[in-house]
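Okay, structure first, notes after.
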There are 2 protein chains.
Amino acid sequence: MPDFIKDNHLFHNPVEFALSKIGGTYKMPILWRLKDKKWRFSELQRSLAHTSDRMLSKALKELLADGFITKEVFAEVPPRVEYSITERGLKSVAIIDSLRQYGFELMREYDINQQ
Amino acid sequence: MPDFIKDNHLFHNPVEFALSKIGGTYKMPILWRLKDKKWRFSELQRSLAHTSDRMLSKALKELLADGFITKEVFAEVPPRVEYSITERGLKSVAIIDSLRQYGFELMREYDINQQ
DNA sequence: GGGCATACTTACATCTTTGTTAGTTACTTA
DNA sequence: TAAGTAACTAACAAAGATGTAAGTATGCCC
């Protein structure tokens with residue numbers, strides 16, 4: 001696997017590239033929530049406890065730019081914005097699910113019992 | 001999914017936990033290489049170009065402590081150390097493979113053609 | 001004796017990601 | 001008139017991950 005450059009960033013393998021798109025603390029949790037319905041900014045924020053406006057906004061902006069989600073802005077006051085998942089986003093949900101299952105499996109091995 | 005603490009570190013979901021074990025720049029590339037044979041430190045280093053002693057050593061030490069790999073030290077000079085994958089490590093190779101496939105898929109969508 | 005080889009470790013610098021605080025817009029309700 | 005609300009952004013601080021340079025042990029070869 002030779003290295004490659006995309007958007008001025010050097011990657012060494014496909015996993016690195018994939019995680020540059022859906023990795024980080026917030027993106028998978030967001031995609032996971034959007035998989036079956038639209039969510040408003042504030043709903044995501046409440047659901048993703050411990051997440052600041054800034055971080056949520058940043059993650060949403062990148063997912064949007066990368067075509068994993070779309071947003072719909074309503075001309076209301078106070079504003080209403082709804083986020084939905086795209087085809088590309090839906091494809092990512094499959095590996096998020098594998099990673100999730102794998103995480104649960106590891107948690108069991110480490111005797112962490114949650115849910 | 002409620003939060004949980006393990007080894008003095010707060011986690012919010014199973015994916016975060018899984019990636020705390022096999023995430024980062026080096027761990028998956030290492031596990032991927034060890035999946036079918038033993039590798040020496042210096043072989044890994046040569047194969048994982050751009051990787052300093054320090055980073056390789058750190059990643060190997062953590063994978064070892066977490067039971068994903070084992071090491072065998074030979075009493076020779078200069079030293080020889082061989083790393084092998086464990087059962088737990090082998091299980092991780094399955095999701096690494098999914099992530100890899102997914103990465104290639106994304107690369108195709110972004111018109112990156114490599115291998 | 002000096003240099004080479006391997007598998008490390010230590011100290012420190014830098015870069016990237018995440019967190020915190022405060023501000024903005026514009027209408028609605030008390 | 002003042003406060004409240006939703007969805008942001010900007011400036012800055014802190015934390016975490018990664019990179020760089022140098023050093024260690026031991027024996028072999030020249």
Side-chain angles (χ1 to χ4, degrees), chain A residues 3 7-13 15-17 19-30 33-34 38-66 69-84, chain B residues 3 7-13 15-17 19-30 33-34 38-66 69-84:
Chain A
D3 298 351
D7 297 331
N8 209 30
H9 193 294
L10 176 66
F11 297 96
H12 306 92
N13 54 259
V15 173
E16 222 177 61
F17 184 70
L19 290 179
S20 78
K21 297 296 177 188
I22 61 167
T25 313
Y26 305 106
K27 290 179 177 175
M28 294 197 213
I30 291 170
R33 277 165 182 75
L34 293 184
K38 297 179 175 182
W39 285 64
R40 293 185 62 172
F41 186 92
S42 53
E43 289 175 319
L44 284 170
Q45 185 167 251
R46 265 187 295 279
S47 173
L48 263 13
H50 337 281
T51 304
S52 65
D53 282 11
R54 182 189 179 285
M55 283 292 108
L56 180 55
S57 181
K58 191 164 171 291
L60 288 169
K61 191 189 285 183
E62 290 174 12
L63 286 172
L64 197 58
D66 285 324
I69 64 175
T70 54
K71 83 191 253 192
E72 206 178 341
V73 180
F74 297 86
E76 302 175 3
V77 168
R80 177 158 63 104
V81 179
E82 288 184 349
Y83 292 91
S84 320
Chain B
D3 299 350
D7 297 331
N8 209 30
H9 193 294
L10 176 66
F11 297 96
H12 307 92
N13 55 256
V15 173
E16 221 177 63
F17 184 70
L19 290 178
S20 77
K21 296 297 177 187
I22 61 168
T25 312
Y26 306 107
K27 290 180 178 177
M28 294 197 213
I30 291 170
R33 277 164 181 75
L34 293 185
K38 296 179 176 184
W39 286 64
R40 293 185 61 173
F41 187 92
S42 53
E43 290 175 318
L44 285 170
Q45 185 166 251
R46 266 188 294 278
S47 174
L48 264 12
H50 335 282
T51 305
S52 64
D53 284 11
R54 182 190 180 285
M55 282 292 109
L56 180 55
S57 181
K58 191 164 170 292
L60 288 169
K61 191 189 284 184
E62 289 174 14
L63 287 172
L64 197 60
D66 284 325
I69 63 175
T70 53
K71 84 191 256 194
E72 204 178 342
V73 180
F74 296 85
E76 300 175 5
V77 168
R80 178 158 62 103
V81 178
E82 287 184 351
Y83 291 91
S84 321

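Chain letters run A, B, ... following the sequence lines, proteins first and then strands; every chain starts at 1.
Rounded to a whole Å, the CD atom of B/E16 is 11 Å from the P atom of D/dA17. Note: CD (A/E62) to P (C/dT16) measures 14 Å, nearest angstrom. When rounded to the nearest whole Å, the span between CG of B/L64 and C1' of C/dT9 equals 16 Å. When rounded to the nearest whole Å, the span between CZ of B/R46 and P of C/dA5 equals 11 Å. When the C1' atom of C/dT18 is taken as reference, atom CG of B/L10 falls 14 Å away, rounded to whole Å. Look at CD on A/E43: it is 17 Å from C1' on D/dC8, rounded to the nearest Å. Nucleotide C/dG19 holds its P atom 11 Å from the CG atom of A/L48, rounded to whole Å. Computed from coordinates, the A/E76 CD to C/dA26 P distance equals 16 Å when rounded to whole Å.
In this structure, A/L34 and A/L63 have side chains that are not in contact, with every pair of non-hydrogen atoms separated by 4.5 Å or more. Considering only heavy atoms from C-beta on, B/S47 comes within 4.5 Å of B/W39 through its side chain. By the 4.5 Å heavy-atom criterion applied to side chains, A/I30 and A/K27 are not counted as neighbours.
As judged by a 4.0 angstrom heavy-atom cut-off over every strand, B/R54 is placed among the base-contacting residues. Within 4.0 Å of A/F74, counting heavy atoms only, lies no atom of the nucleic acid at all. Using a 4.0 Å heavy-atom cutoff across all strands shown, B/R40 reaches sugar-phosphate atoms only and no base atom.
If you check C/dA7, D/dA7, C/dT6 against the side chain of B/P78, the one that comes closest is C/dT6. Distances from the side chain of A/D53 to the nucleotides C/dT9, D/dT9, D/dG27 place D/dT9 closest. With distances taken from any side-chain atom of A/M55 to the nucleotides C/dT18, C/dC27, C/dT6, the minimum falls on C/dT18.
Note on B/K58: every side-chain N or O is 4.0 Å or more away from OP1 and OP2 of C/dT9. Between C/dC8 and B/K71, a contact under 4.0 Å exists linking OP1 or OP2 to a side-chain N or O. A close approach under 4.0 Å does occur between a side-chain nitrogen or oxygen of A/T25 and OP1 or OP2 of C/dT18. For B/S42, a side-chain nitrogen or oxygen approaches OP1 or OP2 of C/dA7 to under 4.0 Å.
Between A/S52 and A/H9, the residue whose closest nucleotide on DNA chain C is further toward the 5' end is A/H9. For the pair A/P79 and A/G24, both in contact range of DNA chain C, the more 5′-proximal nearest nucleotide belongs to A/G24.
Using a cutoff of 4.0 Å between basic side-chain nitrogens and carboxylate oxygens, B/E72 and B/K38 are scored as salt-bridged.
In this structure, A/F11 and A/F17 have perpendicular ring planes: the angle between them is above 60°, well past the 30° mark.
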